[in-house]
Amino acid sequence: MKLDSGTANAVHVRTLLILGASGDLTGRLLLPGLARLIGSGRAPGITLAGAGAPGYSPELWAERVKTVCDAAMKDATEAGKAALTQVIATTSYAELDVTAPGELARLVGSLEGPVALYFALPPAVSQRACEVLEPGELPESTLLVMEKPFGSNEDSARELNRTLIRLVPERNIHRVDHFLGKGTVFNILGLRFANRLLEPLFTAEHVAKIEIFYDEELALEGRAGYYDRAGALRDMIQSHLLQVLGLLTMNAPATLYERDVRDHLGSVLRATALAGTPQDSTRRARYTAGASKGRPVPDYASESGVDAHARTETLAEVTLNINNSRWAGVPFILRAGKALGRVRKEAIVTFRPVSHLPSGFKGTDEPTKLRIGFGPDTLELDLDVNGPGDLYTLDRVTLGAELNSPDLLPYGEVLLGVLSGDPTLSVRGDTAEECWRIVDPILAAWAANEVPIEEYAAGGNGPQGWETNCTLPSLQARA
């Protein structure tokens, strides 16, 4: 789906300044996404700058940039190769304490603007860096790019919004959710609103339930420093999966311009709340010793860097309702977890049974299901048809299609919006607050241990008795 920014206020960035230049996020995700984008020829004239704490150097930064850009050369266009070569030749690095008053503003002022200021830093450091900036210190055209988690609860997200809005207009704030950069996820809008077969069916009259899964085989993989403070609920459900829920359930916007899309996304999330109490509408668990992807996995509590007494969950499941006329009474089940036995990254729309099935049919009348896979990108429709041999017996068939994968990495898709000043794929401030408002009661109940934390062996499907363990995997998982 082609997106047009549709905003008269679009800022075309000249310099991308990455704070946290030596960090894992920058090296593993941000720079490769940027290099692929530049290599495609869609970021002409961009200058790259890095900044970080003492202990790193301009030489190390230049080497890091060159390594990533060289790797992107083989798939680059001719214009892209020239742009990558230019980035290698002109990139710069500055040693910087982002929490020292005046230092960050001076660095931004020395760069060719408009500047996109990318905070690839721990959330607490990013917030402190913004708090020491004074109104008017940054040029009006500066973009602020913030990584999730955006705050730690609704109050802190609201306070951070107030801090940012003192510095630049809301349209210049990009709260990055790289999951939204995936072509398939955003193409949900095309699937829903461009197909007469589906458009009228996305209502409570026709839909029995919607499930959104993000089950991973990967375990902690050395990320205890972040994950043990976050857990599955904060890491995946509070951000990524709630955004997918919004796209699946929002009303049709008048246009694909950023204001229309984000207005409707915010509206449906404002109507979203926990289906009942945390005790009856949420579950949490964490893995014990087992095996994942053929490798032994230690008990989560004994992983390096984990606080065994913190009761951090590695598998979370919540049931939500959307309290409006379109979706009243439909359960929305969001689940995300690590060290599981099979990969499930998909949304499953289960439709209600037909109003009347003529007597005489045999076999099982199973519900029609639409599956939207997030990786690999797939679309599947499970239907009942007349089985082979006995025409009176119903049989199951799956119609499947592999969708075109985007040519950019997820961070490249997000950065394309940032560099062109289009915030369509970024999370707006009010939406960030609403996502925390939805999960805050769950976090409070879990912190008070009102919901027991269950266990499952690494490489299993989850604790016994969870109905979502039994949901049949899609073709992408069966392959």
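Numbers here are sequence positions counted from 1. Heavy-atom basis, side chains included; hydrogens, waters and symmetry copies ignored.
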S.K.: Does atom CZ of R295 have more than 12 heavy-atom neighbours from other groups under 6.0 Å away?
M.R.: no

S.K.: Ring of Y300, cation from R286 - is the NZ or CZ under 6.0 Å from the centre and inside 45° of the axis?
M.R.: no

S.K.: Answer yes when E112 and R14 have at least one side-chain N-carboxylate O distance shorter than 4.0 Å, and no when they do not.
M.R.: yes

S.K.: Under a 4.0 Å threshold between the charged nitrogen and the carboxylate oxygen, would K293 count as salt-bridged to E221?
M.R.: no

S.K.: Say whether N153 and S156, considering side chains only, have a donor N or O and an acceptor N or O under 3.5 Å apart.
M.R.: yes

S.K.: Counting only heavy atoms not in K66, do more than 12 sit closer than 6.0 Å to its NZ atom?
M.R.: no

S.K.: Is there a donor in the side chain of T255 and an acceptor in the side chain of D260, or the other way round, less than 3.5 Å apart?
M.R.: yes

S.K.: Applying side-chain contact (heavy atoms from CB on, under 4.5 Å) between R175 and each of V427, V145, T431, report the one that passes.
M.R.: V427

S.K.: Please enumerate all residues that pass salt bridge (Lys or Arg N to Asp or Glu O under 4.0 Å) together with R234, with sequence neighbours excluded.
M.R.: none

S.K.: Do we see a donor-acceptor contact under 3.5 Å between the side chains of T288 and D299?
M.R.: no

S.K.: Between E103 and R106, does at least one N-O distance fall below 4.0 Å, as a salt bridge requires?
M.R.: no

S.K.: Taking all non-hydrogen atoms of both residues into account, name the closest pair between L17 and A51 and its distance.
M.R.: CD1-CB, 4.1 Å

S.K.: Going by atom types only, do D422 and T424 share a side-chain donor-acceptor pair under 3.5 Å?
M.R.: yes

S.K.: Would you indicate whether the side-chain heavy atoms of L143 and L117 approach each other to under 4.5 Å?
M.R.: no

S.K.: Can Y118 and E147 be counted as having a side-chain donor-acceptor contact under 3.5 angstrom?
M.R.: yes

S.K.: Should the pair R36-D407 be classified as a salt bridge under the 4.0 Å nitrogen-to-oxygen rule?
M.R.: no

S.K.: Testing the 3.5 Å rule here: is there a donor-acceptor pair between the side chains of Y287 and E303?
M.R.: yes

S.K.: Do you know the tightest heavy-atom contact between L30 and A120?
M.R.: CD2-CB, 4.2 Å

S.K.: What are the two closest non-hydrogen atoms of L415 and L34, and how far apart are they?
M.R.: CD1-CB, 3.8 Å

S.K.: Can you see which heavy atom on T142 is nearest to which on L138, and at what distance?
M.R.: OG1-CB, 4.0 Å

S.K.: Are the side chains of R262 and S426 in touch, meaning some heavy atoms are under 4.5 Å apart?
M.R.: yes

S.K.: For the side chain of R192 and the backbone of L247, is there at least one donor-acceptor N/O pair under 3.5 Å apart?
M.R.: yes

S.K.: Whether the T282 and W446 side chains hold a donor-acceptor pair (N or O, under 3.5 Å, no angle test) is what I'd like checked.
M.R.: yes

S.K.: With heavy-atom distances below 4.5 Å as the criterion, would you say the side chains of R166 and E134 are in contact?
M.R.: yes

S.K.: So which atom in A43 and which in I46 form the shortest heavy-atom distance, rounded to 0.1 Å?
M.R.: O-CG2, 3.4 Å

S.K.: Are the side chain of T26 and the backbone of S22 linked by a donor-acceptor contact shorter than 3.5 Å?
M.R.: no

S.K.: I need the H174 NE2 to L419 CG distance, nearest 0.5 Å.
M.R.: 9.0 Å

S.K.: Do the side chains of D430 and R270 get close enough for a salt bridge, i.e. N-O under 4.0 angstrom?
M.R.: yes

S.K.: Check whether any side-chain heavy atom of E313 sits under 4.5 Å from a side-chain heavy atom of R283, and report yes or no.
M.R.: no

S.K.: Are the charged groups of R437 and E434 less than 4.0 angstrom apart, N to O?
M.R.: yes

S.K.: What is the minimum heavy-atom distance between A308 and A301, and which atoms define it?
M.R.: CB-O, 3.7 Å

S.K.: If you count the non-hydrogen atoms of other residues, nucleotides and ligands that lie under 6.0 Å from CD in E170, is the total more than 12?
M.R.: yes

S.K.: Is the positively charged end of R335 above the ring of F213, judged by distance under 6.0 angstrom from the centroid and angle within 45° of the axis?
M.R.: no

S.K.: Backbone N or O of A458 within a donor-acceptor pair of the K338 side chain at under 3.5 Å?
M.R.: no

